[in-house]
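A, B, ... follow the sequence lines: proteins, then strands. Residue 1 opens every chain.
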Amino acid sequence: MHPSLFVELYIFVLAVFVGFQLISKVPSVLHTPLMSATNAIHGIILVGAITLAARVHHGLALVISIGAVFLATLNVVGGFVVTDRILEMFRSPGRRGEDA
Amino acid sequence: MNDFTQLAYLVTAVLFMLGVMRLRSPASARSGNLLAAIGMGIGLIATLVVYYQFSVVLVVLAVLAGSVGGTVAAKRVRMTAMPQMVALFNGMGGGAAALVSLGEWIISPRVTVVSAIAALFTVLIGSISFSGSLLAFAKLQELITGRPIVFPAQKPINGVLVAIAVVMAFVLAASGQGGQSLLVGLYVILALGLGVLVVLPIGGADMPVVISLLNAFTGLAAAATGFLLANNVLIIAGALVGASGTILTQLMSRAMNRPIGNILFGSFGRVTGGAGTGATDDGVVQSATVEDVAMLLAYARRVIIVPGYGLAVARAQQEVRQVVDKLTARGVDVRFGIHPVAGRMPGHMNVLLAEANVPYEKLYEMDTINPEFPQTDVVLVIGANDVTNPAARNEPSSPLYGMPILNVDQASRIIVLKRSMNPGFAGIDNPLYTNPKTSMLFGDAKSSVNGLLRALDEV
(Lines give C-alpha, C1' and ligand atoms only; values in the text may rest on other atoms or scores of the structure.)
Protein backbone atom coordinates (compact mmCIF):
# COMPACT_ATOMS: atom_id res chain seq x y z
CA MET A 1 0.00 0.00 0.00
CA HIS A 2 1.40 3.36 -0.72
CA PRO A 3 1.23 5.53 2.37
CA SER A 4 -0.77 8.40 0.90
CA LEU A 5 -3.59 6.11 -0.25
CA PHE A 6 -5.93 7.04 2.56
CA VAL A 7 -5.26 10.73 2.11
CA GLU A 8 -6.17 10.28 -1.54
CA LEU A 9 -9.32 8.39 -0.66
CA TYR A 10 -10.35 11.20 1.68
CA ILE A 11 -9.72 13.73 -1.07
CA PHE A 12 -11.74 11.69 -3.55
CA VAL A 13 -14.72 11.22 -1.26
CA LEU A 14 -14.78 14.87 -0.20
CA ALA A 15 -14.45 15.99 -3.81
CA VAL A 16 -17.43 13.81 -4.75
CA PHE A 17 -19.51 15.48 -2.03
CA VAL A 18 -18.46 18.97 -3.11
CA GLY A 19 -19.11 17.98 -6.71
CA PHE A 20 -22.66 16.83 -5.93
CA GLN A 21 -23.35 20.08 -4.05
CA LEU A 22 -21.98 22.29 -6.81
CA ILE A 23 -23.57 20.44 -9.70
CA SER A 24 -27.03 20.14 -8.17
CA LYS A 25 -27.23 23.95 -8.04
CA VAL A 26 -26.85 24.25 -11.80
CA PRO A 27 -30.24 25.00 -13.42
CA SER A 28 -31.45 22.75 -16.22
CA VAL A 29 -31.21 25.67 -18.68
CA LEU A 30 -27.44 25.30 -18.40
CA HIS A 31 -27.15 21.52 -18.44
CA THR A 32 -25.63 21.35 -21.90
CA PRO A 33 -22.84 23.84 -21.10
CA LEU A 34 -22.40 22.11 -17.72
CA MET A 35 -21.85 18.82 -19.47
CA SER A 36 -19.54 20.31 -22.01
CA ALA A 37 -17.55 22.25 -19.35
CA THR A 38 -17.10 19.20 -17.11
CA ASN A 39 -16.17 17.37 -20.28
CA ALA A 40 -13.35 19.87 -20.78
CA ILE A 41 -12.36 19.57 -17.12
CA HIS A 42 -11.70 15.85 -17.37
CA GLY A 43 -9.21 16.84 -20.05
CA ILE A 44 -6.95 17.38 -17.01
CA ILE A 45 -5.87 13.86 -17.93
CA LEU A 46 -3.45 15.78 -20.18
CA VAL A 47 -1.39 16.33 -17.01
CA GLY A 48 -1.16 12.57 -16.65
CA ALA A 49 -0.30 12.18 -20.31
CA ILE A 50 2.59 14.65 -20.00
CA THR A 51 3.99 12.98 -16.88
CA LEU A 52 3.93 9.68 -18.75
CA ALA A 53 5.56 11.19 -21.83
CA ALA A 54 8.39 12.55 -19.67
CA ARG A 55 9.34 9.06 -18.57
CA VAL A 56 9.21 7.05 -21.79
CA HIS A 57 11.60 7.53 -24.67
CA HIS A 58 11.16 4.66 -27.07
CA GLY A 59 8.98 1.86 -28.25
CA LEU A 60 5.31 1.18 -27.70
CA ALA A 61 5.14 3.20 -24.48
CA LEU A 62 6.29 6.31 -26.37
CA VAL A 63 3.61 5.83 -29.03
CA ILE A 64 1.01 5.34 -26.31
CA SER A 65 2.07 8.46 -24.42
CA ILE A 66 2.03 10.64 -27.55
CA GLY A 67 -1.40 9.28 -28.44
CA ALA A 68 -2.60 10.14 -24.95
CA VAL A 69 -1.23 13.69 -25.26
CA PHE A 70 -3.02 14.13 -28.60
CA LEU A 71 -6.38 12.81 -27.40
CA ALA A 72 -6.25 14.77 -24.14
CA THR A 73 -5.38 18.01 -25.95
CA LEU A 74 -8.34 17.51 -28.29
CA ASN A 75 -10.51 17.01 -25.22
CA VAL A 76 -9.24 20.11 -23.38
CA VAL A 77 -9.13 22.59 -26.25
CA GLY A 78 -12.27 21.42 -27.99
CA GLY A 79 -14.16 21.21 -24.71
CA PHE A 80 -13.43 24.73 -23.53
CA VAL A 81 -13.88 26.34 -26.96
CA VAL A 82 -17.23 24.67 -27.57
CA THR A 83 -18.49 25.57 -24.08
CA ASP A 84 -17.55 29.19 -24.65
CA ARG A 85 -19.43 29.13 -27.94
CA ILE A 86 -22.55 27.79 -26.27
CA LEU A 87 -22.45 30.25 -23.38
CA GLU A 88 -21.88 33.18 -25.70
CA MET A 89 -25.41 32.59 -27.00
CA PHE A 90 -27.13 32.85 -23.64
CA ARG A 91 -28.16 36.47 -23.63
CA SER A 92 -29.92 38.47 -21.00
CA PRO A 93 -33.18 40.00 -22.18
CA GLY A 94 -32.57 43.04 -19.95
CA ARG A 95 -29.91 44.36 -22.27
CA ARG A 96 -32.14 44.07 -25.28
CA GLY A 97 -34.80 46.10 -23.57
CA GLU A 98 -37.66 43.64 -23.95
CA ASP A 99 -39.37 42.13 -20.99
CA ALA A 100 -42.46 40.06 -20.47
CA MET B 1 6.57 16.61 -7.99
CA ASN B 2 7.74 19.64 -6.02
CA ASP B 3 5.97 22.05 -3.67
CA PHE B 4 5.45 24.62 -6.38
CA THR B 5 3.65 22.10 -8.57
CA GLN B 6 1.52 20.91 -5.67
CA LEU B 7 0.50 24.47 -4.92
CA ALA B 8 -0.31 25.13 -8.57
CA TYR B 9 -2.47 21.98 -8.65
CA LEU B 10 -4.36 23.29 -5.64
CA VAL B 11 -5.05 26.52 -7.50
CA THR B 12 -6.22 24.47 -10.49
CA ALA B 13 -8.62 22.46 -8.35
CA VAL B 14 -10.02 25.61 -6.74
CA LEU B 15 -10.51 27.30 -10.12
CA PHE B 16 -12.38 24.22 -11.40
CA MET B 17 -14.73 24.41 -8.42
CA LEU B 18 -15.24 28.16 -8.78
CA GLY B 19 -15.82 27.71 -12.49
CA VAL B 20 -18.59 25.17 -11.93
CA MET B 21 -20.02 27.38 -9.19
CA ARG B 22 -20.43 30.20 -11.68
CA LEU B 23 -22.51 27.92 -13.92
CA ARG B 24 -25.41 28.56 -11.56
CA SER B 25 -26.61 31.48 -13.61
CA PRO B 26 -26.49 32.14 -17.35
CA ALA B 27 -25.14 35.62 -16.66
CA SER B 28 -21.98 34.40 -14.91
CA ALA B 29 -21.59 31.08 -16.71
CA ARG B 30 -19.25 32.25 -19.43
CA SER B 31 -16.76 33.65 -16.92
CA GLY B 32 -16.99 30.34 -15.06
CA ASN B 33 -15.87 28.44 -18.14
CA LEU B 34 -13.00 30.91 -18.54
CA LEU B 35 -11.95 30.38 -14.90
CA ALA B 36 -11.88 26.62 -15.41
CA ALA B 37 -9.81 27.08 -18.58
CA ILE B 38 -7.34 29.32 -16.70
CA GLY B 39 -7.13 26.66 -13.99
CA MET B 40 -6.33 24.09 -16.65
CA GLY B 41 -3.61 26.35 -18.06
CA ILE B 42 -2.00 26.79 -14.63
CA GLY B 43 -2.05 23.06 -13.98
CA LEU B 44 -0.46 22.30 -17.35
CA ILE B 45 2.30 24.90 -16.94
CA ALA B 46 3.10 23.58 -13.47
CA THR B 47 3.34 20.08 -14.94
CA LEU B 48 5.63 21.15 -17.75
CA VAL B 49 7.99 22.86 -15.29
CA VAL B 50 8.66 19.53 -13.58
CA TYR B 51 8.15 17.01 -16.36
CA TYR B 52 9.96 18.49 -19.32
CA GLN B 53 12.20 15.60 -20.28
CA PHE B 54 9.93 14.29 -22.98
CA SER B 55 10.49 13.99 -26.70
CA VAL B 56 9.80 17.65 -27.33
CA VAL B 57 9.16 17.40 -31.06
CA LEU B 58 6.61 14.61 -30.75
CA VAL B 59 4.77 16.14 -27.79
CA VAL B 60 4.64 19.58 -29.40
CA LEU B 61 3.31 18.04 -32.61
CA ALA B 62 0.67 16.09 -30.70
CA VAL B 63 -0.40 19.20 -28.76
CA LEU B 64 -0.52 21.31 -31.93
CA ALA B 65 -2.54 18.70 -33.80
CA GLY B 66 -4.90 18.31 -30.86
CA SER B 67 -5.35 22.06 -30.43
CA VAL B 68 -6.00 22.73 -34.09
CA GLY B 69 -8.33 19.76 -34.43
CA GLY B 70 -10.20 20.64 -31.25
CA THR B 71 -10.60 24.30 -32.14
CA VAL B 72 -11.71 23.70 -35.71
CA ALA B 73 -14.24 21.07 -34.67
CA ALA B 74 -15.55 23.21 -31.80
CA LYS B 75 -15.90 26.31 -33.97
CA ARG B 76 -17.59 24.59 -36.87
CA VAL B 77 -20.09 22.34 -35.17
CA ARG B 78 -23.76 23.27 -35.51
CA MET B 79 -25.70 23.58 -32.28
CA THR B 80 -28.03 20.77 -33.35
CA ALA B 81 -24.93 18.58 -33.61
CA MET B 82 -23.70 19.50 -30.13
CA PRO B 83 -24.55 16.11 -28.54
CA GLN B 84 -22.29 14.19 -30.90
CA MET B 85 -19.52 16.78 -30.50
CA VAL B 86 -19.63 16.44 -26.72
CA ALA B 87 -19.71 12.65 -27.08
CA LEU B 88 -16.65 12.79 -29.32
CA PHE B 89 -14.60 15.00 -26.98
CA ASN B 90 -15.70 12.81 -24.10
CA GLY B 91 -14.45 9.74 -25.91
CA MET B 92 -11.08 11.42 -26.50
CA GLY B 93 -10.73 12.02 -22.75
CA GLY B 94 -11.66 8.43 -21.96
CA GLY B 95 -9.20 7.16 -24.54
CA ALA B 96 -6.45 9.38 -23.14
CA ALA B 97 -7.07 8.08 -19.60
CA ALA B 98 -6.95 4.49 -20.83
CA LEU B 99 -3.70 5.13 -22.72
CA VAL B 100 -2.02 6.84 -19.74
CA SER B 101 -2.84 3.88 -17.51
CA LEU B 102 -1.79 1.41 -20.16
CA GLY B 103 1.53 3.23 -20.56
CA GLU B 104 2.08 3.22 -16.80
CA TRP B 105 1.28 -0.48 -16.71
CA ILE B 106 3.84 -1.20 -19.40
CA ILE B 107 6.74 0.85 -18.05
CA SER B 108 6.66 0.36 -14.32
CA PRO B 109 6.62 -2.84 -12.29
CA ARG B 110 3.43 -3.06 -10.26
CA VAL B 111 4.67 -2.95 -6.71
CA THR B 112 1.32 -2.26 -5.12
CA VAL B 113 -2.05 -3.88 -5.52
CA VAL B 114 -3.66 -0.46 -5.42
CA SER B 115 -1.83 0.86 -8.46
CA ALA B 116 -2.47 -2.35 -10.35
CA ILE B 117 -6.20 -2.11 -9.64
CA ALA B 118 -6.29 1.61 -10.44
CA ALA B 119 -4.49 1.02 -13.73
CA LEU B 120 -6.66 -1.90 -14.84
CA PHE B 121 -9.85 -0.13 -13.77
CA THR B 122 -8.90 2.96 -15.77
CA VAL B 123 -8.05 0.91 -18.84
CA LEU B 124 -11.46 -0.78 -18.64
CA ILE B 125 -13.60 2.31 -17.96
CA GLY B 126 -11.59 4.59 -20.24
CA SER B 127 -11.79 2.13 -23.13
CA ILE B 128 -15.53 1.64 -22.67
CA SER B 129 -15.96 5.40 -22.65
CA PHE B 130 -13.80 5.74 -25.78
CA SER B 131 -15.50 3.16 -27.97
CA GLY B 132 -18.96 3.85 -26.51
CA SER B 133 -18.64 7.57 -27.20
CA LEU B 134 -17.42 6.96 -30.75
CA LEU B 135 -20.43 4.74 -31.41
CA ALA B 136 -22.77 7.31 -29.83
CA PHE B 137 -21.18 9.90 -32.12
CA ALA B 138 -21.74 7.67 -35.15
CA LYS B 139 -25.38 7.12 -34.19
CA LEU B 140 -26.13 10.79 -33.53
CA GLN B 141 -24.30 11.86 -36.69
CA GLU B 142 -26.37 9.23 -38.50
CA LEU B 143 -23.30 7.50 -39.87
CA ILE B 144 -25.13 4.37 -38.74
CA THR B 145 -28.77 3.92 -37.86
CA GLY B 146 -29.93 5.71 -34.75
CA ARG B 147 -32.36 2.90 -33.94
CA PRO B 148 -31.57 0.34 -31.27
CA ILE B 149 -29.47 -2.50 -32.68
CA VAL B 150 -30.35 -5.73 -30.95
CA PHE B 151 -29.40 -9.35 -31.43
CA PRO B 152 -30.37 -12.53 -29.60
CA ALA B 153 -28.85 -13.22 -26.18
CA GLN B 154 -27.44 -9.71 -26.03
CA LYS B 155 -27.73 -9.41 -22.27
CA PRO B 156 -26.17 -12.81 -21.39
CA ILE B 157 -23.32 -12.12 -23.82
CA ASN B 158 -22.64 -8.72 -22.24
CA GLY B 159 -22.77 -10.27 -18.78
CA VAL B 160 -20.32 -13.04 -19.71
CA LEU B 161 -17.95 -10.53 -21.28
CA VAL B 162 -17.98 -8.35 -18.15
CA ALA B 163 -17.23 -11.44 -16.07
CA ILE B 164 -14.34 -12.38 -18.37
CA ALA B 165 -12.97 -8.82 -18.09
CA VAL B 166 -13.06 -8.99 -14.31
CA VAL B 167 -11.28 -12.36 -14.29
CA MET B 168 -8.63 -11.07 -16.68
CA ALA B 169 -8.12 -8.03 -14.47
CA PHE B 170 -7.59 -10.30 -11.45
CA VAL B 171 -5.10 -12.47 -13.32
CA LEU B 172 -3.22 -9.42 -14.52
CA ALA B 173 -3.22 -7.80 -11.09
CA ALA B 174 -1.99 -11.02 -9.50
CA SER B 175 0.79 -11.54 -12.03
CA GLY B 176 1.62 -7.93 -11.31
CA GLN B 177 4.02 -7.14 -14.12
CA GLY B 178 3.98 -5.47 -17.49
CA GLY B 179 5.17 -8.68 -19.13
CA GLN B 180 1.77 -10.21 -19.94
CA SER B 181 1.46 -8.23 -23.14
CA LEU B 182 -0.85 -10.67 -24.94
CA LEU B 183 -3.29 -10.75 -22.05
CA VAL B 184 -3.15 -6.95 -21.71
CA GLY B 185 -3.88 -6.60 -25.41
CA LEU B 186 -6.88 -8.92 -25.17
CA TYR B 187 -8.07 -7.01 -22.11
CA VAL B 188 -8.02 -3.71 -24.04
CA ILE B 189 -9.84 -5.23 -27.02
CA LEU B 190 -12.46 -6.72 -24.70
CA ALA B 191 -12.97 -3.35 -22.99
CA LEU B 192 -13.36 -1.59 -26.34
CA GLY B 193 -15.85 -4.24 -27.43
CA LEU B 194 -17.87 -3.77 -24.27
CA GLY B 195 -18.21 -0.04 -24.97
CA VAL B 196 -19.67 -0.85 -28.39
CA LEU B 197 -22.00 -3.52 -27.03
CA VAL B 198 -23.35 -1.23 -24.31
CA VAL B 199 -24.29 1.55 -26.72
CA LEU B 200 -25.53 -0.59 -29.67
CA PRO B 201 -29.01 -1.34 -28.25
CA ILE B 202 -29.70 2.26 -27.28
CA GLY B 203 -31.88 4.40 -29.53
CA GLY B 204 -31.68 8.07 -30.48
CA ALA B 205 -34.16 9.39 -27.95
CA ASP B 206 -32.31 7.70 -25.09
CA MET B 207 -29.04 9.38 -26.02
CA PRO B 208 -29.24 12.06 -23.26
CA VAL B 209 -28.84 9.28 -20.71
CA VAL B 210 -25.99 7.55 -22.50
CA ILE B 211 -24.00 10.72 -23.05
CA SER B 212 -24.35 11.66 -19.38
CA LEU B 213 -23.30 8.19 -18.32
CA LEU B 214 -20.23 8.12 -20.57
CA ASN B 215 -19.28 11.55 -19.19
CA ALA B 216 -19.39 10.10 -15.68
CA PHE B 217 -17.26 7.15 -16.85
CA THR B 218 -14.54 9.40 -18.21
CA GLY B 219 -14.57 11.39 -14.96
CA LEU B 220 -14.09 8.21 -12.97
CA ALA B 221 -11.33 7.09 -15.33
CA ALA B 222 -9.52 10.41 -14.74
CA ALA B 223 -9.91 10.05 -10.96
CA ALA B 224 -8.59 6.49 -11.06
CA THR B 225 -5.58 7.70 -13.04
CA GLY B 226 -5.09 10.21 -10.22
CA PHE B 227 -4.82 7.31 -7.75
CA LEU B 228 -2.37 5.58 -10.04
CA LEU B 229 -0.12 8.64 -10.39
CA ALA B 230 -0.74 9.91 -6.82
CA ASN B 231 -1.93 13.15 -8.41
CA ASN B 232 -4.56 14.98 -6.39
CA VAL B 233 -5.75 17.37 -9.07
CA LEU B 234 -6.70 14.43 -11.27
CA ILE B 235 -8.60 12.89 -8.38
CA ILE B 236 -10.50 16.10 -7.62
CA ALA B 237 -11.30 16.97 -11.23
CA GLY B 238 -12.30 13.38 -11.95
CA ALA B 239 -14.58 13.26 -8.90
CA LEU B 240 -16.20 16.53 -9.95
CA VAL B 241 -16.93 15.23 -13.44
CA GLY B 242 -18.04 11.88 -12.10
CA ALA B 243 -20.54 13.64 -9.82
CA SER B 244 -21.80 15.79 -12.67
CA GLY B 245 -22.28 12.86 -15.02
CA THR B 246 -24.00 10.83 -12.33
CA ILE B 247 -26.43 13.62 -11.42
CA LEU B 248 -27.32 14.26 -15.06
CA THR B 249 -27.77 10.54 -15.70
CA GLN B 250 -30.19 10.33 -12.77
CA LEU B 251 -32.09 13.43 -13.88
CA MET B 252 -32.45 12.14 -17.42
CA SER B 253 -33.58 8.65 -16.51
CA ARG B 254 -36.05 10.11 -14.01
CA ALA B 255 -37.40 12.46 -16.68
CA MET B 256 -37.94 9.44 -18.91
CA ASN B 257 -39.47 7.53 -16.03
CA ARG B 258 -37.21 4.59 -16.66
CA PRO B 259 -34.54 3.19 -14.39
CA ILE B 260 -31.07 3.37 -15.85
CA GLY B 261 -30.87 -0.41 -16.13
CA ASN B 262 -33.99 -0.41 -18.29
CA ILE B 263 -32.46 2.13 -20.69
CA LEU B 264 -29.12 0.32 -20.92
CA PHE B 265 -30.53 -3.17 -21.26
CA GLY B 266 -34.19 -2.73 -22.16
CA SER B 267 -34.10 -1.33 -25.72
CA PHE B 268 -37.28 0.69 -25.59
CA GLY B 269 -38.56 -0.01 -29.09
CA ARG B 270 -39.44 -3.62 -28.36
CA VAL B 271 -41.06 -3.01 -25.01
CA THR B 272 -43.67 -0.69 -26.43
CA GLY B 273 -44.45 -2.63 -29.59
CA GLY B 274 -47.57 -4.33 -28.27
CA ALA B 275 -48.64 -1.94 -25.56
CA GLY B 276 -49.92 1.58 -25.74
CA THR B 277 -52.84 0.84 -27.95
CA GLY B 278 -54.95 0.11 -24.88
CA ALA B 279 -56.88 3.34 -24.99
CA THR B 280 -57.64 3.97 -28.60
CA ASP B 281 -60.62 6.16 -27.93
CA ASP B 282 -62.32 7.19 -31.11
CA GLY B 283 -62.21 10.90 -30.42
CA VAL B 284 -62.35 13.31 -33.31
CA VAL B 285 -59.20 15.14 -34.31
CA GLN B 286 -59.87 18.77 -35.16
CA SER B 287 -57.51 20.46 -37.55
CA ALA B 288 -57.01 24.20 -37.74
CA THR B 289 -55.67 26.66 -40.30
CA VAL B 290 -52.80 29.07 -39.70
CA GLU B 291 -55.32 31.92 -39.70
CA ASP B 292 -57.32 30.32 -36.86
CA VAL B 293 -54.16 29.79 -34.84
CA ALA B 294 -52.88 33.31 -35.48
CA MET B 295 -56.19 34.73 -34.31
CA LEU B 296 -56.12 32.65 -31.12
CA LEU B 297 -52.56 33.63 -30.31
CA ALA B 298 -52.96 37.31 -31.09
CA TYR B 299 -55.87 37.72 -28.71
CA ALA B 300 -54.47 35.54 -25.91
CA ARG B 301 -53.01 37.01 -22.77
CA ARG B 302 -50.77 34.13 -21.76
CA VAL B 303 -49.15 31.74 -24.21
CA ILE B 304 -46.76 28.90 -23.47
CA ILE B 305 -44.75 27.29 -26.24
CA VAL B 306 -43.70 23.68 -25.73
CA PRO B 307 -40.85 22.84 -28.12
CA GLY B 308 -39.68 19.32 -28.87
CA TYR B 309 -36.89 17.84 -30.89
CA GLY B 310 -39.13 17.98 -33.98
CA LEU B 311 -38.69 21.76 -33.88
CA ALA B 312 -34.93 21.39 -34.13
CA VAL B 313 -35.21 18.78 -36.87
CA ALA B 314 -37.33 21.23 -38.90
CA ARG B 315 -34.84 24.03 -38.03
CA ALA B 316 -37.68 26.39 -37.20
CA GLN B 317 -36.15 27.99 -34.07
CA GLN B 318 -35.60 31.38 -35.75
CA GLU B 319 -39.16 31.50 -37.04
CA VAL B 320 -40.53 30.58 -33.62
CA ARG B 321 -38.51 33.39 -32.07
CA GLN B 322 -40.03 35.81 -34.62
CA VAL B 323 -43.50 34.64 -33.65
CA VAL B 324 -42.58 35.30 -30.01
CA ASP B 325 -41.33 38.79 -30.91
CA LYS B 326 -44.56 39.60 -32.78
CA LEU B 327 -46.74 38.34 -29.93
CA THR B 328 -44.66 40.12 -27.29
CA ALA B 329 -45.01 43.34 -29.27
CA ARG B 330 -48.79 42.90 -29.04
CA GLY B 331 -48.53 42.56 -25.27
CA VAL B 332 -48.97 38.78 -25.11
CA ASP B 333 -47.04 37.06 -22.32
CA VAL B 334 -45.10 34.28 -24.07
CA ARG B 335 -43.01 31.70 -22.27
CA PHE B 336 -41.36 28.41 -23.14
CA GLY B 337 -41.96 25.22 -21.16
CA ILE B 338 -39.06 22.85 -21.66
CA HIS B 339 -39.06 19.18 -20.75
CA PRO B 340 -35.73 17.85 -19.44
CA VAL B 341 -35.39 15.37 -22.29
CA ALA B 342 -36.34 17.72 -25.13
CA GLY B 343 -33.35 17.22 -27.39
CA ARG B 344 -30.52 14.77 -27.65
CA MET B 345 -28.58 15.77 -24.53
CA PRO B 346 -29.47 17.39 -21.19
CA GLY B 347 -30.46 21.03 -21.71
CA HIS B 348 -30.10 20.77 -25.49
CA MET B 349 -33.34 22.60 -26.32
CA ASN B 350 -32.29 25.60 -24.23
CA VAL B 351 -29.13 25.91 -26.29
CA LEU B 352 -31.03 25.67 -29.57
CA LEU B 353 -33.43 28.42 -28.48
CA ALA B 354 -30.63 30.57 -27.10
CA GLU B 355 -28.95 30.26 -30.49
CA ALA B 356 -32.12 31.69 -32.04
CA ASN B 357 -31.83 34.66 -29.62
CA VAL B 358 -34.68 33.65 -27.34
CA PRO B 359 -33.74 35.26 -24.00
CA TYR B 360 -33.05 32.62 -21.37
CA GLU B 361 -35.47 34.23 -18.94
CA LYS B 362 -38.33 33.04 -21.13
CA LEU B 363 -37.16 29.43 -20.82
CA TYR B 364 -38.86 27.64 -17.93
CA GLU B 365 -38.18 24.16 -16.62
CA MET B 366 -40.98 21.64 -16.27
CA ASP B 367 -41.56 21.97 -12.52
CA THR B 368 -41.74 25.77 -12.71
CA ILE B 369 -44.07 25.98 -15.69
CA ASN B 370 -46.47 23.14 -14.81
CA PRO B 371 -48.53 25.15 -12.24
CA GLU B 372 -48.96 27.87 -14.89
CA PHE B 373 -50.87 25.81 -17.47
CA PRO B 374 -54.34 26.19 -15.87
CA GLN B 375 -54.03 29.99 -16.19
CA THR B 376 -52.76 29.79 -19.74
CA ASP B 377 -54.96 30.74 -22.69
CA VAL B 378 -53.11 28.97 -25.48
CA VAL B 379 -50.38 26.34 -25.51
CA LEU B 380 -48.46 25.86 -28.71
CA VAL B 381 -46.87 22.41 -28.94
CA ILE B 382 -44.22 22.29 -31.66
CA GLY B 383 -42.57 19.00 -32.53
CA ALA B 384 -43.12 17.48 -29.08
CA ASN B 385 -45.28 14.44 -28.43
CA ASP B 386 -44.67 11.96 -25.64
CA VAL B 387 -43.68 14.66 -23.12
CA THR B 388 -47.19 16.14 -23.44
CA ASN B 389 -49.10 12.86 -23.32
CA PRO B 390 -51.68 12.98 -20.48
CA ALA B 391 -51.75 9.17 -20.46
CA ALA B 392 -48.52 9.43 -18.48
CA ARG B 393 -50.63 10.93 -15.68
CA ASN B 394 -53.90 9.05 -15.81
CA GLU B 395 -53.59 5.86 -17.86
CA PRO B 396 -51.91 3.14 -15.77
CA SER B 397 -51.81 0.77 -18.74
CA SER B 398 -49.76 3.18 -20.81
CA PRO B 399 -46.02 2.50 -21.12
CA LEU B 400 -45.51 6.19 -20.39
CA TYR B 401 -47.46 6.01 -17.12
CA GLY B 402 -45.55 7.77 -14.35
CA MET B 403 -43.30 9.77 -16.62
CA PRO B 404 -43.25 13.44 -15.61
CA ILE B 405 -44.87 15.47 -18.40
CA LEU B 406 -45.79 19.03 -19.22
CA ASN B 407 -49.46 19.38 -18.29
CA VAL B 408 -50.47 21.17 -21.47
CA ASP B 409 -53.97 19.65 -21.38
CA GLN B 410 -54.80 21.95 -18.44
CA ALA B 411 -54.64 25.06 -20.60
CA SER B 412 -57.77 26.59 -22.15
CA ARG B 413 -56.72 25.82 -25.73
CA ILE B 414 -53.99 23.63 -27.14
CA ILE B 415 -52.54 23.94 -30.62
CA VAL B 416 -50.36 21.07 -31.79
CA LEU B 417 -48.07 21.57 -34.75
CA LYS B 418 -47.37 18.17 -36.20
CA ARG B 419 -46.26 16.67 -39.44
CA SER B 420 -48.97 14.01 -39.51
CA MET B 421 -50.98 11.82 -37.18
CA ASN B 422 -48.12 9.32 -36.88
CA PRO B 423 -47.42 8.54 -33.24
CA GLY B 424 -44.18 9.75 -31.64
CA PHE B 425 -40.88 8.03 -31.19
CA ALA B 426 -42.24 5.59 -28.65
CA GLY B 427 -45.14 4.68 -30.93
CA ILE B 428 -47.75 5.51 -28.33
CA ASP B 429 -51.14 7.14 -28.98
CA ASN B 430 -51.56 10.59 -27.51
CA PRO B 431 -55.10 11.27 -26.19
CA LEU B 432 -54.19 14.97 -26.19
CA TYR B 433 -54.89 15.06 -29.92
CA THR B 434 -58.51 14.02 -29.52
CA ASN B 435 -59.11 16.39 -26.62
CA PRO B 436 -61.96 18.79 -27.57
CA LYS B 437 -59.73 21.71 -26.51
CA THR B 438 -57.04 20.69 -28.97
CA SER B 439 -56.63 21.77 -32.57
CA MET B 440 -54.02 20.27 -34.86
CA LEU B 441 -52.05 22.30 -37.37
CA PHE B 442 -50.65 19.72 -39.76
CA GLY B 443 -47.55 20.23 -41.85
CA ASP B 444 -43.81 20.78 -41.64
CA ALA B 445 -43.03 22.82 -38.51
CA LYS B 446 -41.00 25.38 -40.42
CA SER B 447 -43.63 26.11 -43.06
CA SER B 448 -46.42 26.08 -40.47
CA VAL B 449 -44.62 28.63 -38.33
CA ASN B 450 -43.82 30.71 -41.41
CA GLY B 451 -47.50 30.68 -42.33
CA LEU B 452 -48.28 31.69 -38.77
CA LEU B 453 -45.90 34.65 -39.08
CA ARG B 454 -47.65 35.92 -42.20
CA ALA B 455 -51.09 35.37 -40.70
CA LEU B 456 -50.11 37.26 -37.55
CA ASP B 457 -49.39 40.35 -39.69
CA GLU B 458 -52.95 40.29 -40.96
CA VAL B 459 -54.73 39.81 -37.64
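For A:Q21, no part lies near chain B; criterion is any non-hydrogen pair under 4.5 Å. With a 4.5 angstrom heavy-atom cutoff, A:A40 touches chain B only via backbone atoms. For A:V76, the part sitting under 4.5 Å from any heavy atom of chain B is the side chain, from C-beta outward, and nothing else. For a residue to count as touching a neighbouring chain, one of its non-hydrogen atoms must lie under 4.5 Å from one of that chain's; by this rule A:V18 touches chain B with the side chain only.
Side-chain contact between B:Y52 and B:V59 is absent, with no heavy atoms from C-beta onward closer than 4.5 Å.
Remark: the backbone N or O of B:V77 is paired with a side-chain donor or acceptor of A:R85 at under 3.5 angstrom. Judged by distance alone, with hydrogens and angles left aside, the side-chain atoms of B:S129 form no donor-acceptor pair with the main-chain N or O of B:G94 at under 3.5 Å. A donor-acceptor pair under 3.5 Å links the side-chain atoms of B:T246 to the main chain of B:G242, judged by distance alone. B:N90 places a side-chain N or O within donor-acceptor distance of the main-chain N or O of B:L214, the cut-off being under 3.5 Å.
For the set A:V69, A:L22, A:I41, A:V82, the entry with the most heavy-atom pairs within less than 4.5 Å of chain B is A:I41. For the options A:L9, A:T32, A:N75, A:I23, heavy-atom pairs under 4.5 Å to chain B are most numerous at A:T32. Options B:G219, B:A46, B:A65, B:P208 differ in how many heavy-atom pairs under 4.5 Å they form with chain A, and the most are formed by B:A65. Put simply, of B:A37, B:G70, B:A237, the one with the most heavy-atom pairs under 4.5 Å next to chain A is B:A37. Interface check for chain A: of the options B:A73, B:G69, B:A29, B:A74, the most heavy-atom pairs under 4.5 Å are formed by B:A74. Comparing A:S65, A:A49, A:G48 by heavy-atom pairs within less than 4.5 Å of chain B, the highest count is held by A:G48. Looking only at heavy-atom pairs under 4.5 Å with chain B, the residue among A:V16, A:L30, A:V77 that has the most is A:L30. Annotation: maximal heavy-atom pairing with chain A below 4.5 Å, among B:A222, B:A223, B:A36, occurs at B:A36. With respect to chain B, the highest number of heavy-atom pairs below 4.5 Å among A:L62, A:V81, A:L52 belongs to A:L52. Interface summary for chain B: among A:I66, A:L60, A:T83, A:T51, the most heavy-atom pairs under 4.5 angstrom belong to A:T51.
Residues that satisfy the salt bridge (Lys or Arg N to Asp or Glu O under 4.0 Å) test with B:R30, not counting sequence neighbours, are A:D84.
Checking B:N215, B:T218, B:V241 one by one against A:N39, the side chain to side chain contact (heavy atoms under 4.5 Å, CB included) holds for a single residue, B:N215.
Using cut-offs of 30° and 60° for the angle between ring planes, the A:F12 and B:F227 rings count as perpendicular.
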Side chains of residues 16-24 of chain B: which donor-acceptor pairs under 3.5 Å do they make with residues two or more places apart or in other chains?
{"residue": "B:R22", "atom": "NE", "partner": "B:S31", "partner atom": "OG", "Å": "2.6"}
{"residue": "B:R22", "atom": "NH2", "partner": "B:S31", "partner atom": "OG", "Å": "3.2"}

